[in-house]
There are 2 protein chains.
Amino acid sequence: MSTEYSGGGDLTFSLKVMWGGREKPTRGPKPGLSVERIVQAAIQVADAEGLAALSMRRIATELGVGTMSLYRYVPGKNELVDLMLDAAYGEDLEPDKTPEQEAEALREKGWRAGLEKIARGAWALHLRHPWILQVSQARPVLGPSSIKGLEIALRVLDGIGLDEFEMMKMITLVDGYVTGTARIIVEAGRAAQQTGVSDEQFWQAQEPFMMRLLDDGRFATLRRIADAGVFADVSGGDPSDGDGFEFGLQRVLDGIEAYVNAGPGGRGAS
Amino acid sequence: MSTEYSGGGDLTFSLKVMWGGREKPTRGPKPGLSVERIVQAAIQVADAEGLAALSMRRIATELGVGTMSLYRYVPGKNELVDLMLDAAYGEDLEPDKTPEQEAEALREKGWRAGLEKIARGAWALHLRHPWILQVSQARPVLGPSSIKGLEIALRVLDGIGLDEFEMMKMITLVDGYVTGTARIIVEAGRAAQQTGVSDEQFWQAQEPFMMRLLDDGRFATLRRIADAGVFADVSGGDPSDGDGFEFGLQRVLDGIEAYVNAGPGGRGAS
DNA sequence: CATAACTTCGTACACCGTACCCAGTAAGGG
DNA sequence: CCCTTACTGGGTACGGTGTACGAAGTTATG
């Protein structure tokens with residue numbers, strides 16, 4: 001399932017498709033499909049039924065074409081997933097605005113508010129497209145949308161006293177936090193759909209083993225946590241409320257803010 | 001590729017195997033294999049060749065047995081992956097020590113140092129077993145090792161003024177950060193092995209597209225970052241040095257520390 | 001109008017997880 | 001002692017996957 005870039009020679013093809021560098025053919029019949037249509041169909045399937053249900057045959061059926069026709073537009077499944085990723089990343093961007101304009105709008109209330117908005121956007125994106133977390137992203141795809149998003153984030157952090165390396169590290173930090181937390185929360189929420197086992201069945205099956213543990217004194221803290229209803233929240237409630245996410249995000253931003261406020265003098269030599 | 005718990009009825013079986021609740025059979029031939037041996041072989045394959053190369057046939061070949069023999073010990077591939085996960089989580093734990101003892105050792109230099117150690121351990125774990133990031137973890141498997149790890153982490157944070165929900169959120173925060181960052185860094189580093197394309201080939205293919213962008217004034221900040229050599233670090237250097245990881249971890253811990261120091265009075269009503 | 005470029009897509013292959021089933025083995029009961 | 005019963009090992013087969021190949025149809029160009 002990992003992104004493998006198949007043949008290797010297709011890499012250039014894949015990049016060309018992503019960046020719109022494909023020249024239109026003059027001869028032959030007009031293409032009945034388009035990369036965009038295929039990507040959209042694929043995203044729809046993945047959104048609704050998960051990445052496991054995404055197969056070339058499935059997409060082709062959805063579009064009413066033969067399976068192999070897809071390969072006239074996309075070199076392979078891995079490349080298609082790359083394109084899906086970049087398309088998803090692009091959803092939050094406004095194509096008519098330059099990175100400068102978008103960053104300016106985000107910075108209106110300061111860099112912290114801007115970074116917060118970016119993080120929330122990314123969080124919402126993962127809720128909308130849970131399959132993003134399942135794709136391997138073996139190598140940064142560097143499509144136009146992800147590049148633009150990076151530029152915007154960099155501009156939001158620009159001019160507040162961080163050097164280039166620090167700016168990038170801050171972005172890695174926030175992105176890492178968002179995707180990591182999304183992984184935990186989102187996937188727990190999605191499980192019920194994906195699995196034939198319902199949430200109740202699952203926790204019921206776990207219960208006897210859990211109980212034996214909770215009665216064991218060695219796990220007293222865990223028991224206290226459980227009694228406080230922390231897990232009831234996780235297993236029962238709607239995970240998309242993002243309660244834990246918001247909390248952690250503020251801690252992360254606090255940490256960044258403290259670093260920024262300390263200034264170059266207040267920190268050790270880089 | 002997502003963990004699906006196959007039939008559903010096998011869930012109990014899976015849990016029993018994980019928790020060691022299987023009673024030994026009396027009749028019939030002695031089993032020539034064991035769950036542990038299978039799990040170890042599977043982890044070896046996954047470590048060396050990635051999760052994509054992990055197939056039941058491959059594991060069976062590795063062990064010199066027929067493919068279907070594996071199903072005498074493990075209900076299916078998904079359950080096997082669950083077992084692999086818990087086995088990996090257990091590597092950092094000392095079976096002879098109680099959670100209290102391990103937590104005590106971690107807290108020796110304070111809760112922050114303890115949390116730091118836990119985070120570093122998890123980070124190293126992901127470097128050692130990159131495939132962990134590829135498995136879906138649709139539902140928390142709650143094997144003995146992950147439970148014990150949770151108990152230890154909770155004990156490290158216990159008694160410093162956080163309520164039960166806050167303690168759990170802090171753990172989610174740190175875990176989210178570690179896994180998220182690992183996802184970014186580790187997978188970028190692993191890519192070269194997995195792919196037929198070398199790093200040089202990859203960046204060379206990207207270059208023309210990148211260049212066009214970097215000359216565009218709209219991506220001026222990105223250009224500055226690139227010129228500063230930030231990406232050279234990512235693409236060339238050894239990703240396992242964890243430079244960015246350590247930096248972000250300190251920010252995260254700063255954020256937590258600030259929250260803890262503020263005390264119940266210094267924070268808004270929960 | 002022949003040709004070359006381009007489309008669509010059926011067939012085929014290697015690989016996957018695993019259901020089913022039968023043969024072989026070892027302990028318990030008579 | 002043997003027969004029954006429980007168990008292990010594993011071959012075969014089925015329905016799925018990604019995709020290589022090539023045949024057949026379509027269209028603009030020389």
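This one's a predicted model, so the numbers in the text were calculated from it and none came from an experiment. In the text below, chain A, chain B and the rest are named by the order of the sequence lines, each starting its count at 1.
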Peer 1: What protein N or O atoms touch nucleotides 7-12 of chain D N or O atoms at under 3.5 angstrom, if any, and at what distances?
Peer 2:
| residue | atom | partner | partner atom | Å |
| --- | --- | --- | --- | --- |
| D/dG9 | OP1 | B/Gly32 | N | 2.8 |
| D/dG9 | OP1 | B/Tyr73 | OH | 3.4 |
| D/dG9 | OP2 | B/Tyr73 | OH | 2.6 |
| D/dG9 | N7 | B/Arg72 | NE | 3.3 |
| D/dG9 | O6 | B/Arg72 | NH2 | 3.1 |
| D/dG10 | OP2 | B/Gly66 | N | 3.0 |
| D/dG10 | OP2 | B/Ser69 | OG | 3.0 |
| D/dG10 | O6 | B/Arg72 | NH2 | 3.3 |

Peer 1: Provide, to the nearest angstrom, the distance between the CE atom belonging to A/Met56 and the P atom belonging to D/dT17.
Peer 2: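 Distance, rounded to whole Å: 12 Å.
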Peer 1: Take atom OH of A/Tyr71 and atom P of C/dG10, then tell me their distance rounded to the nearest Å.
Peer 2: 14 Å
Peer 1: Measure CD1/A/Ile38 against P/C/dC9 and give the value in whole Å, please.
Peer 2: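 In whole Å, C/dC9 P and A/Ile38 CD1 are 12 Å from each other.
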Peer 1: Going by the rule side-chain contact (heavy atoms from CB on, under 4.5 Å), which residues pair with B/Glu94 if we only count those two or more places apart in sequence or in a different chain?
Peer 2: B/Lys97, B/Glu102
Peer 1: At 4.0 Å (heavy atoms only), tell me whether A/Leu54 reaches a base, stays on the sugar-phosphate, or touches nothing.
Peer 2: sugar-phosphate
Peer 1: Distance from B/Tyr89 atom OH to B/Ile132 atom CD1, nearest 0.5 Å?
Peer 2: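 It is 5.5 Å, given to the nearest 0.5 Å.
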Peer 1: Can you pull out every salt bridge (charged side-chain N to carboxylate O under 4.0 Å, His left out) where at least one residue sits in residues 58-75 of chain B? Sequence neighbours excluded, please.
Peer 2: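 Passing the test, one end in residues 58-75 of chain B: B/Glu49-B/Arg58, B/Arg58-B/Glu62.
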Peer 1: Among residues at least two apart in sequence or on other chains, which ones pass side-chain contact (heavy atoms from CB on, under 4.5 Å) with B/Ala153?
Peer 2: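 Only B/Ile118, B/Ile171 meet the side-chain contact (heavy atoms from CB on, under 4.5 Å) criterion with B/Ala153.
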Peer 1: What is the separation between atom CG on B/Leu70 and atom P on C/dG17, rounded to the nearest whole Å?
Peer 2: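 So the CG-P distance, B/Leu70 to C/dG17, works out to 10 Å.
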Peer 1: Could you tell me the separation between the CG atom of A/Leu51 and the P atom of D/dT17, rounded to a whole number of Å?
Peer 2: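 Taking atom P of D/dT17 as the reference, CG of A/Leu51 is at 13 Å.
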Peer 1: Tell me, which pairs form a salt bridge (charged side-chain N to carboxylate O under 4.0 Å, His left out) where one or both residues lie in residues 37-46 of chain B, sequence neighbours left out?
Peer 2: none
Peer 1: Excluding sequence neighbours, so at least two apart, what forms side-chain contact (heavy atoms from CB on, under 4.5 Å) with A/Ala122?
Peer 2: A/Val178
